[in-house]
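In this text the structure is predicted, and so the values were computed from the model without any measurement. Computed from heavy atoms alone, side chains included, the values below leave out hydrogens, waters and symmetry copies.
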Protein chains: 2
Amino acid sequence: MTISPPASPSGSAAHSGKPPAPRSLGAKADKDTVRRSNLSLVLRAVHDTGESTRAQVAARVGLTRAAVSSLVEQLLEGGFLAEYGKTFSGQAGRPGTVLKVARTGVAGLGVEINVDYLAVCVVDLAGTDRVRLTEHLDNRTRRPSDVLCRVAELALRAIDSATAQELRPVGVQLALPGLISEGTVRHAPNLGWNDITVVSRFHRILAVERRPLPPLPVSADNEANLAALAELWFGDPQETPRSFLYLSGEVGVGGALVLGGELLRGAHGFAGEIGHVVAQADGPPCRCGARGCLEQYAGQRALLRNAGLDEDAGVPGVVELERRAVDEDGPALTALYTAGEKLGLVLSGAVNLIDPEAVVLGGAYRGLAEWLVPAADQVLSERVVSGLWRVGSGRVRAASLCTDAARGAAAQAVQAVLNDPLAYA
Amino acid sequence: MTISPPASPSGSAAHSGKPPAPRSLGAKADKDTVRRSNLSLVLRAVHDTGESTRAQVAARVGLTRAAVSSLVEQLLEGGFLAEYGKTFSGQAGRPGTVLKVARTGVAGLGVEINVDYLAVCVVDLAGTDRVRLTEHLDNRTRRPSDVLCRVAELALRAIDSATAQELRPVGVQLALPGLISEGTVRHAPNLGWNDITVVSRFHRILAVERRPLPPLPVSADNEANLAALAELWFGDPQETPRSFLYLSGEVGVGGALVLGGELLRGAHGFAGEIGHVVAQADGPPCRCGARGCLEQYAGQRALLRNAGLDEDAGVPGVVELERRAVDEDGPALTALYTAGEKLGLVLSGAVNLIDPEAVVLGGAYRGLAEWLVPAADQVLSERVVSGLWRVGSGRVRAASLCTDAARGAAAQAVQAVLNDPLAYA
């Protein structure tokens, strides 16, 4: 869930990240509303196709060529679109000028706070990552306000780099591993954060640092949600279905559900908590307070521990685990097989309930998928009633991208611009 | 998933059960399309409010009073609306004529084929059930074609009764306990049906019997889906949230997910199979081929067996179980507590994943909820990370209606009319 900061200058509608609700054909939409909506329609048409002529846009959105030309003019003036020479379609008629979304101007800033790293990313209107800064450190041992100040410094450096590229971030999206609602981290067991008002705090820090510039709107969302959106938007289009369950195998096992190209957030914004689905009712105690959660078998720490590695070794530990698996080290293979079985067990329940097209393994799971998938596939083939999840079906697969919640967050911040460019002109 | 029968006269769009996709404001909607869409808008406005004046409809849908009057005229002529005298708003201005949806004319026919009964239901445009016929028999021992002929006889009798009430069923929706796609029961373990083309078969039987009348379009859906829609549409509005997980505790434990007032069907139409989510990995074998599915602990047969009753006793057995629980019979209470615990375990996973507002217990669970809920609540309070599912939170609750997949099916058949009344004028 994303919310406006108290002092947001541009109103919540401008950065809620959701497209405006479609209006009925019969609704009395005033002229200004129609034009704003049509500007978004045209900008999205160019954005979604990568490049288009005015005629192609007109055909795609179902407006007249004249109307599209007028809208394109306004978008060119506002700096949202740019012209890139002529195209020859090979068919009769005049060549058209190619339109693309601008590579300068408005941009989105994504800020990820994770258990053992901070990352910031600036993407342009096309979603290309133009700035990226990462810092590895253990955030479990630091106070939330220290972490927020530290990541704000990183964000300010990213904004400077963006400015040097003539990019102007117009919104910030925070990504955090935990339950988030109304701009507050309600519960992030692996960070040890409870009821931390991250959006208002980060907004305040950034506003003070950037004076006298106007403050930027800030939102927050779960990192697995944003990593799943990054996979949906930027992953291999052949490999990425429109409905999938995404797993981010980090210190915690995060999850997100994308259904028909949309994130399923749940009634309170807390959907996707697959790491705390029970794998074995009488299993070991979990940080969440329950026992035998999936995280206790397939989380990064459990994987490393079961393979005979230091459970707190983080990313280097995962790299070492992968190396040992390649070398067919017994404890490593056993740890991965056990984790794969428990993954399969929990995923079989999720698949029976939600019926996605695929399960996409991100984060640390991406590199380990080769060893996790066979065991998971076996359990899924036995337990999914539809019979569609056979061994070797390829439905459980590695993500096509490295987990990238920061880029997903930055791209999410750009959605607000695509929804209503006029608000950012 | 619902599909058209091969010989459907009115086209798939007319009875897909889904509202037409919203068109962008910029789309070149031709005049006829706009009028059809506006007719649906006005008919739905009256349908959803129960009764409205023209002025109230105009305010609700955002059209001018003149446009609404013209649309209402056409809907009155087509027999979709009826006028019911004057209303005095207590405010200045002329009294308006009250509009309601017509109690005669187009209607929907729902046909439920379940393990131990057949049921048919005719509802009018308002969703009121006007005809209802039920027959108890064991369908597990009968061939699918015999069952379909038998239920077709029941359907024809229902159509006759509807005709006598000046109702004209314009579409048939089948409800069956199993995985259904493209008009075919792929797998219904408790009926023992696999790959039965129910829609085309039922369509043929009905068409032959009704000659020379034109054939009716037929669709099919999972019975838990349709029971959940019945609960959503006709349940106590105070008690029925917009996002809930519905459980139908019949011989099989069916499930359905309603999110934001819409059924979640999944990528292949197979979502909601909670009965086959694992409760204990090494548990007893299930009809689906796996072990330890929820159905093996909380299905009707397991409940009756564990309480020391005949596992095949069906509805009378459930009534006896409830009686014994009231009398505080030890084995009955233990069986219910155990089932409630396993329900809680599986539901905790579902809640962590999907984050619904509530879990609604239908079917046999409705009468047994008093004994199932405390154990389920206890497990949910321990295992749901959001902390929202505390003991006594009331989030796990009995359905406000008796399970009624037949009425849900009939009402679903009526949706097609609400979406495009002109197609049925």
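Between chain A and the residues B/G260, B/A267, B/G178, B/P241, the most heavy-atom pairs under 4.5 angstrom are made by B/A267. Contact tally against chain B (heavy-atom pairs below 4.5 Å) for A/H276, A/E382, A/R186, A/R242: the top residue is A/H276. The greatest number of non-hydrogen atom pairs below 4.5 Å with chain B, out of A/G349, A/A350, A/S348, is found for A/G349. Interface summary for chain B: among A/G289, A/P356, A/G275, A/G387, the most heavy-atom pairs under 4.5 angstrom belong to A/P356. Comparing B/P189, B/A279, B/A281, B/G255 by how many heavy-atom pairs each has under 4.5 Å with chain A, the most go to B/A281. Of the listed residues (A/C288, A/S243, A/G272), the greatest number of heavy-atom pairs within a distance under 4.5 Å of chain B belongs to A/G272.
Going from atom NE2 of B/H187 over to atom OG of A/S386 covers 9.5 Å, rounded to the nearest 0.5 Å. Expressed to the nearest 0.5 Å, how far NE2 of B/H268 lies from CD of A/E357 amounts to 5.5 Å. Rounding to the nearest 0.5 Å places CD1 of B/I354 at 4.5 Å from CG of A/L353.
Residues B/N352 and A/I274 are not in side-chain contact: their nearest non-hydrogen atoms beyond the backbone lie 4.5 Å or more apart. Inter-residue side-chain proximity for B/V278 and A/R383 is flagged as met; some heavy-atom pair is nearer than 4.5 Å. Side-chain contact check for A/L264 versus B/L264: some heavy-atom pair is nearer than 4.5 Å. For the pair A/V385 and B/L179, the minimum side-chain heavy-atom distance is below 4.5 Å. Residues A/F270 and B/V384 have side chains not in contact (no heavy-atom distance under 4.5 Å, counting atoms from C-beta outward).
Neither the backbone nor the side chain of B/L294 comes within less than 4.5 Å of any heavy atom of chain A.
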